[in-house]
Number of protein chains: 2
Amino acid sequence: MSTSRPQEANPPVNGSLPRQRRTYSIGELARMFEVTPRTIRFYEQEGLLAPERRGQTRVYHEKDRVRLKLTLRGKRLGFSLAEIREVIEMYDAMPDGNARQLRRLLEILAEKRANMERQLEDIRLMQRELDDVESRAREVLDRLARHDT
Amino acid sequence: MSTSRPQEANPPVNGSLPRQRRTYSIGELARMFEVTPRTIRFYEQEGLLAPERRGQTRVYHEKDRVRLKLTLRGKRLGFSLAEIREVIEMYDAMPDGNARQLRRLLEILAEKRANMERQLEDIRLMQRELDDVESRAREVLDRLARHDT
DNA sequence: GACGACGTTGACGTTAACGTAAAGTGGTTG
DNA sequence: CAACCACTTTACGTTAACGTCAACGTCGTC
């Protein structure tokens, strides 16, 4: 987690396009989310994306952009690509999903939720530690300043 | 992030020990935190732990236990071992740290904080998605149930 | 005194998630 | 048309974070 920032990339700032007709090249998408094309191709290979093909080249639609966004968000939360794919697949298979599949999906969701609860707790704890370290550091700095004057 | 649970391991349930005199073997620590001894040795090799040595064997004190706890928490939050070590080292060097070091530490802390803010936002967003997927899944399940009856 | 549990140090293997380099295709632009 | 993009596939390389295995030492105990 090497301190990234933007990475969010919302719908192209235009508020009123022929909604849904926008497409993207791999390079565009890569710039939007600050990843390399290589990464995007890799995600496809791993079953996370399935762009259209026009001849040889990939054409991405809104659906793909959303998937990529969710994927990257999942990654930031520490999910593996395999886990993310699992959810995406089940989500896509939902309309005609049988009961067993759906129950399994609910299980997975509960798991993810629990996971995030833990993360929230971890973050709270970690923030406390940081508060602590920071105040100690400031203290020392202050002492140094006073002494140097 | 393969769905772990316990991993927290608080001070040995005893509330009133000769505070600070407790030590641990590598195996004990491993069981407490549900990691393997290999992992603990690896963390030492990476400079995250520095247990005492009695002859050949490692002896861990409270300090080491806390470090391990923080390390694992950091990991769950997606920090690399290198990042974690950086903070630990600076923290240890604090008392006699020079101003430059301290300022650098504050920088790093700010970075980590920002990171966690993003994670919090990601979690909120992700929870919404999950809510969404879940309600849709339940809907489908309900329809199936009614139809099957 | 053999056995089992636990500890030790190498050293090599493994997996995930890409990076990188090579070699080719397809369009457009000066 | 040549040069230059942006895109493609194939394939090998890399890094982090351990796992696994061998070969050995040290207890306690049966």
To the nearest Å, give me how far apart [atom1] ([X]) and [atom2] ([N]) are.
X       : N      : atom1 : atom2 : result
A:Leu29 : D:dT8  : CG    : P     : 11 Å
B:Leu72 : D:dA17 : CG    : P     : 12 Å
B:Gln56 : C:dG7  : CD    : P     : 13 Å
A:Arg76 : C:dA17 : CZ    : P     : 16 Å
A:Gln45 : C:dA16 : CD    : P     : 12 Å
A:Glu52 : D:dC7  : CD    : C1'   : 16 Å
B:Glu28 : C:dC6  : CD    : P     : 11 Å

Discussion item. Under 4.0 Å, counting only non-hydrogen atoms across every strand here, what does B:Arg53 touch: a base, just sugar-phosphate, or nothing?
Written reply: sugar-phosphate

Is the distance from OP1 or OP2 of [N] to the nearest side-chain N or O of [X] less than 4.0 Å?
X       : N      : answer
B:Arg58 : C:dT8  : yes
A:Lys75 : C:dA16 : no
A:Arg38 : C:dT20 : no
B:Tyr43 : D:dA17 : no
B:Thr36 : D:dG19 : yes

Worksheet item: Which residue, A:Phe42 or B:Ile26, contacts DNA chain C at a nucleotide closer to its 5' end, judged by nearest heavy atom?
Response: B:Ile26

Practice prompt. Check the hydrophobic clustering (I, L, V, M, F, W, Y; side-chain heavy atoms under 4.5 Å; chains of links allowed) and say if B:Leu141 and B:Val133 are grouped together.
Written response: yes

Item to complete: May I ask you to test the B:Glu62-B:Arg65 pair for a side-chain heavy-atom distance under 4.5 Å?
Response: yes

Worksheet item: With side chains defined as the heavy atoms from C-beta onward, is the minimum distance between A:Phe42 and A:Leu81 less than 4.5 Å?
Response: yes

Response to the item:
Closest non-hydrogen atoms of B:Gln119 and A:Leu77, given as atom of the first, atom of the second and distance, are O-CD2, 4.0 Å

Response to the item:
Comparing nearest nucleotides in DNA chain D, the 5'-proximal residue of the pair A:Pro37, B:Thr39 is A:Pro37

Worksheet item: Got a donor-acceptor pair under 3.5 Å from the side chain of A:Arg41 to the base of D:dT8?
Response: no

Practice prompt. Answer yes or no: is there an ion pair linking B:Lys75 with A:Asp122, defined by an N-O contact shorter than 4.0 Å?
Written response: no

